[in-house]
Visitor: 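Here's a structure for you.
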Amino acid sequence: MFEGFQLERILVGDIALRVRYGGSGPAVVLLHGHPRTHTTWYQVAPALADSGYTVVCPDLRGYGQSSKPASDDDHTPYSKRAMAADVAGLMVALGHEQFAVVGHDRGSQVAYRTAMDHEDTVTKLVVLDGVPVVEALERCDADFALMWWHWWFFAQTAKPAERVICADPETWYNAWTVNSPDVLGPENHADFLAAIRDPATVHAMVEDYRAGPGIDRRNDEADRAAGRQITCPTMMCWSTRDDMEQIYGDPLAVWRPWCKEPVVGHGIDSTHHIAENAPAELVQSLREFL
């Protein structure tokens, strides 16, 4: 897995990120979603490296084996702004003044926040199966609440979700059915298991969700009110066997007001975890756009 890549822990500010990187050429950073780690990219990253890119795959803060800082009442340490600062700092530490950023699921929120907050360094943005936090919350209806109920379960603190998840994490995350070793690949599955079995990681992942309705939403609202837009070329792709079109209709239409340049993109015949379920199609889309 990740043949020819280096695996390190790199200090960024006051946290350490577990990072896998390899290849040569223009830099692109790949940001995973929940409840994955950077190993979700094990089929995509080497293919991009073979195509002439330096590919950087970190565990987001709180996830996998990256640092899990203590949170606060506003969940600020797990805001997408904090995570985006990690990404920018990591790329500087690796010697990259500019880079493209690709994010899936929760990683897509970090990706677009990186493009918003660090526009001089992000050359291109790719979001997979995600929309801006405020757009998701403002569009919430009965269908959204039914399909994405875990957003609200994770976000509330009256009866913490960690106790339920940690009671049987493998059943909660379907570790032997839809997320089995046959689906994820043995080594990726082992890393996934290690993450979900760790109560500290589960807590940090839930904190990521708790930041959403509060500080993440306020940051999006402030950018929108100020007329700030993503200035780099942007592509949005989505899994056609997931629920993006059911919830949002045309997902590209959600992104257009957020981007200065026209947004391109398309659906990919896949279930939610595109990098694992349709890696060849995703790599082809990334090659053409990057």
Visitor: Which word best sums up how the rings of Trp148 and His150 line up, parallel for under 30°, tilted for 30 to 60°, or perpendicular for over 60°?
Guide: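 If you compare the ring of Trp148 with that of His150, the planes turn out tilted.
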Visitor: Centre of Trp151's six-membered ring, under 6.0 Å away, within 45 degrees of the axis: is that where NZ or CZ of Arg106 sits?
Guide: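 Yes, a cation-pi geometry holds between Arg106 and Trp151.
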Visitor: Quick one, Thr121 and His96 - any side-chain contact, counting heavy atoms below 4.5 Å?
Guide: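 Not in contact.
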Visitor: Can a donor-acceptor pair be found, under 3.5 Å and without considering hydrogens, that links the side chain of Arg61 to the backbone of Pro77?
Guide: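 It does hold such a pair.
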Visitor: Does one side chain, of Trp258 or Glu135, offer a donor that lies under 3.5 Å from an acceptor on the other?
Guide: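 Judged by distance alone, the side chains do pair up.
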Visitor: Stepwise, does the side chain to side chain contact (heavy atoms under 4.5 Å, CB included) test hold for Asp223 with Met116?
Guide: CA-CA 9 Å; Asp223 285 336; Met116 292 284 282; 3.4 Å; yes
Visitor: Going by atom types only, do Asp220 and Tyr112 share a side-chain donor-acceptor pair under 3.5 Å?
Guide: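 Checked: Asp220/Tyr112 side chains pair up, N/O donor to acceptor below 3.5 Å.
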Visitor: Quick check: do Ile15 and Asp86 have side-chain heavy atoms less than 4.5 Å from each other?
Guide: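 Yes, their side chains come closer than 4.5 Å.
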Visitor: Are Tyr173 and His34 close enough that their ring centres sit under 6.0 Å apart?
Guide: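 Yes - the distance between ring centres of Tyr173 and His34 falls below the 6.0 Å cut-off.
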Visitor: Will you find, in the side chains of Glu207 and Ser71, an N or O donor that is under 3.5 Å from an N or O acceptor?
Guide: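 There is such a pair between these side chains.
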Visitor: So, the side chain of Asp72 versus the backbone of Thr76: is there a donor-acceptor pair under 3.5 Å, distance only?
Guide: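 Yes; judged by distance alone, with no hydrogens or angles, the pair exists.
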Visitor: So, Thr54 side chain and Gly25 main chain: donor-acceptor pair closer than 3.5 Å or not?
Guide: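 Yes, because the side chain of Thr54 sits within donor-acceptor range (under 3.5 Å) of the backbone of Gly25.
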Visitor: Do Phe153 and Trp172 make the cut of ring centroids closer than 6.0 angstrom?
Guide: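 They qualify: ring centres under 6.0 Å apart.
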Visitor: Should Leu17 and Phe99 be counted in the same cluster of Ile, Leu, Val, Met, Phe, Trp and Tyr side chains packed under 4.5 Å apart?
Guide: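 Yes: a chain of side-chain contacts under 4.5 Å links Leu17 to Phe99.
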Visitor: Of all the heavy-atom pairs spanning Val127 and Ser108, show the shortest one and how long it is.
Guide: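 Shortest heavy-atom separation between Val127 and Ser108 comes out as CG1-O, 3.9 Å.
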Visitor: Would you give the length of the straight line joining atom CG of Asp73 to atom OG1 of Thr157, rounded to the nearest 0.5 angstrom?
Guide: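 Rounded to the nearest 0.5 Å, the CG-OG1 separation comes to 9.0 Å.
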Visitor: Do you reckon Phe5 sits in the same ILVMFWY cluster as Val29, going by side-chain contacts under 4.5 Å, direct or chained?
Guide: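 Each belongs to a different hydrophobic cluster.
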Visitor: Answer yes or no: are there more than 12 heavy-atom neighbours, outside Asp141 itself, under 6.0 Å from its atom CG?
Guide: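 Yes, because the 6.0 Å sphere around CG of Asp141 holds more than 12 heavy atoms from other groups.
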Visitor: Does any part of the side chain of Phe192, heavy atoms only, come nearer than 4.5 Å to the side chain of Thr37, both counted from C-beta?
Guide: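 With C-beta onward as the side chain, the pair stays apart.
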Visitor: Which residue pairs pass the side chain to side chain donor-acceptor pair (under 3.5 Å) test when at least one of the two sits in residues 272-290, sequence neighbours left out?
Guide: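 For residues 272-290, and leaving out neighbouring residues, the side chain to side chain donor-acceptor pair (under 3.5 Å) pairs sorted by first residue read Arg36-Glu276, Thr40-Glu276, Ser51-Arg287, Asp105-His272, Asp129-His272, Asn188-Glu276, Asp242-His272, His266-Ser285, Thr271-Asn277, Gln284-Glu288.
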Visitor: How long is the straight-line distance from SG of Cys232 back to CD of Glu119, given to the nearest 0.5 Å?
Guide: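 So the CD of Glu119 and the SG of Cys232 are separated by 9.0 Å.
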Visitor: Using a 4.5 Å cut-off on heavy atoms from C-beta on, say whether the side chain of Pro132 contacts that of Trp255.
Guide: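 In short, these two side chains touch, coming nearer than 4.5 Å.
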Visitor: Should Arg256 and Glu261 count as an ion pair when the cut-off is N to O under 4.0 Å?
Guide: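 The answer is no: the pair does not qualify as a salt bridge.
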Visitor: Do Cys140 and Trp152 pass the side chain to side chain contact (heavy atoms under 4.5 Å, CB included) test, and can you show the C-alpha distance, the side-chain angles, and the key distance before you say yes or no?
Guide: CA-CA 11 Å; Cys140 181; Trp152 324 119; 3.6 Å; yes
Visitor: Going hydrophobic residue to hydrophobic residue with side-chain gaps under 4.5 angstrom, can you get from Val110 over to Met91?
Guide: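 Val110 clusters together with Met91.
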Visitor: Atom CG of Asp208 and atom CD of Gln109: how far apart are they, to the nearest 0.5 Å?
Guide: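 Here the interatomic distance stands at 7.0 Å.
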Visitor: Taking all heavy atoms of Ser67 and all of Arg9, pick out the closest pair and write down the distance.
Guide: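 Here Ser67 and Arg9 meet closest at OG-NH2, 4.1 Å.
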Visitor: Strictly below 4.0 Å, N to O, side chains only: are Arg18 and Asp191 in salt-bridge contact?
Guide: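 Result for this pair is yes, salt bridge flagged.
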Visitor: Mind checking what makes side chain to side chain contact (heavy atoms under 4.5 Å, CB included) contact with Glu8, not counting sequence neighbours?
Guide: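 Gln6, Ile10, Tyr21.
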Visitor: Identify the two heavy atoms, one from Phe154 and one from Val206, that lie closest to each other, and give their separation to 0.1 Å.
Guide: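 What the structure gives for the nearest pair is O-CG1, 3.2 Å.
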Visitor: According to a 4.5 Å side-chain heavy-atom criterion applied to Ile, Leu, Val, Met, Phe, Trp and Tyr, with indirect links allowed, do Val44 and Leu31 form part of one hydrophobic cluster?
Guide: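 They do not share one cluster, since no chain of ILVMFWY contacts under 4.5 Å joins Val44 to Leu31.
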Visitor: Is a donor on one side and an acceptor on the other found under 3.5 Å between the side chain of Gln229 and the backbone of Pro257?
Guide: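 Answer holds: yes.
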Visitor: Is there a side chain to side chain contact (heavy atoms under 4.5 Å, CB included) between Asp250 and Glu245? Walk through the geometry before answering.
Guide: CA-CA 6 Å; Asp250 177 10; Glu245 291 173 298; over 6 Å; no
Visitor: Could you go step by step and tell me if Leu125 and Ile230 meet the side chain to side chain contact (heavy atoms under 4.5 Å, CB included) rule?
Guide: CA-CA 9 Å; Leu125 168 66; Ile230 295 163; 3.7 Å; yes
Visitor: Drop me the distance from Leu48's CG to Leu290's CG, to the nearest 0.5 angstrom.
Guide: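 Going from CG on Leu48 over to CG on Leu290, the span is 7.0 Å.
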Visitor: Within the 4.5 Å heavy-atom criterion, are Arg139 and Ile247 side-chain neighbours or not?
Guide: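 A side-chain contact under 4.5 Å is absent here.
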Visitor: So if I apply the side-chain contact (heavy atoms from CB on, under 4.5 Å) rule between Val28 and each of Val102, Val56, Val101, Leu286, which one comes out positive?
Guide: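 It is Val102; the other options fail the test.
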Visitor: Could you tell me if the side chain of Phe144 sits less than 4.5 Å from the side chain of Tyr248, heavy atoms only?
Guide: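 A side-chain contact under 4.5 Å exists here.
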Visitor: Could you tell me the separation between the CD1 atom of Ile268 and the CG atom of Leu128, rounded to the nearest 0.5 Å?
Guide: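 The distance works out to 7.0 Å.
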Visitor: Considering residues at least two apart in sequence or located in another chain, which fulfil the salt bridge (Lys or Arg N to Asp or Glu O under 4.0 Å) criterion with Asp117?
Guide: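 By the salt bridge (Lys or Arg N to Asp or Glu O under 4.0 Å) rule, Asp117 matches Arg81, Arg113, Arg228.
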Visitor: Taking the side chain as everything from C-beta on, heavy atoms only, tell me whether Lys80 gets closer than 4.5 Å to Asn219.
Guide: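 Counting from C-beta outward, Lys80 and Asn219 never come under 4.5 Å.
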Visitor: If two hydrophobic side chains count as joined below 4.5 Å and joins carry through other members, does Val254 share a cluster with Ile274?
Guide: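 Shared cluster, no.
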Visitor: Testing the basics here: between Gly185 and Tyr42, what is the closest heavy-atom pair and its distance to 0.1 Å?
Guide: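 Heavy atoms of Gly185 and Tyr42 come nearest at CA-OH, 3.6 Å.
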Visitor: Do Lys68 and Asp198 have side chains that get closer than 4.5 Å, going by heavy atoms?
Guide: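 Touching, per the 4.5 Å side-chain cut-off.
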Visitor: So which pairs with a foot in residues 43-91 pass ring-ring contact (aromatic ring centres under 6.0 Å, His included), sequence neighbours left out?
Guide: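 Non-adjacent pairs meeting ring-ring contact (aromatic ring centres under 6.0 Å, His included): His32-Tyr63.
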Visitor: Of all the heavy-atom pairs spanning Asp59 and Gly64, show the shortest one and how long it is.
Guide: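 Heavy atoms only, the tightest pair is OD2-CA, 3.5 Å.
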Visitor: Glu187: which residues meet the salt bridge (Lys or Arg N to Asp or Glu O under 4.0 Å) condition with it, sequence neighbours left out?
Guide: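 With neighbours one apart ignored, the set is empty.
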Visitor: Looking at His203 and Gly62, would you say the former's side chain and the latter's main chain have a donor-acceptor pair under 3.5 Å?
Guide: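 Not at all, since once roles are kept as given, no pair shorter than 3.5 Å links the two residues.
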Visitor: I need the Ile215 CD1 to Asp74 CG distance, nearest 0.5 Å.
Guide: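 If we round to the nearest 0.5 Å, Ile215:CD1 and Asp74:CG are 5.0 Å apart.
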Visitor: Which heavy atom of Cys57 sits nearest to which heavy atom of Phe2, and what is that distance?
Guide: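 Residues Cys57 and Phe2, closest heavy atoms: SG-CE2, 4.2 Å.
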Visitor: For residues 166-186, which residue pairs pass the salt bridge (Lys or Arg N to Asp or Glu O under 4.0 Å) check, not counting sequence neighbours?
Guide: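 Qualifying pairs, neighbours excluded: Glu170-Arg197.
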Visitor: Is there a donor-acceptor contact under 3.5 Å linking the side chains of Arg20 and His38?
Guide: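 His38 and Arg20 do have a side-chain donor-acceptor pair below 3.5 Å.
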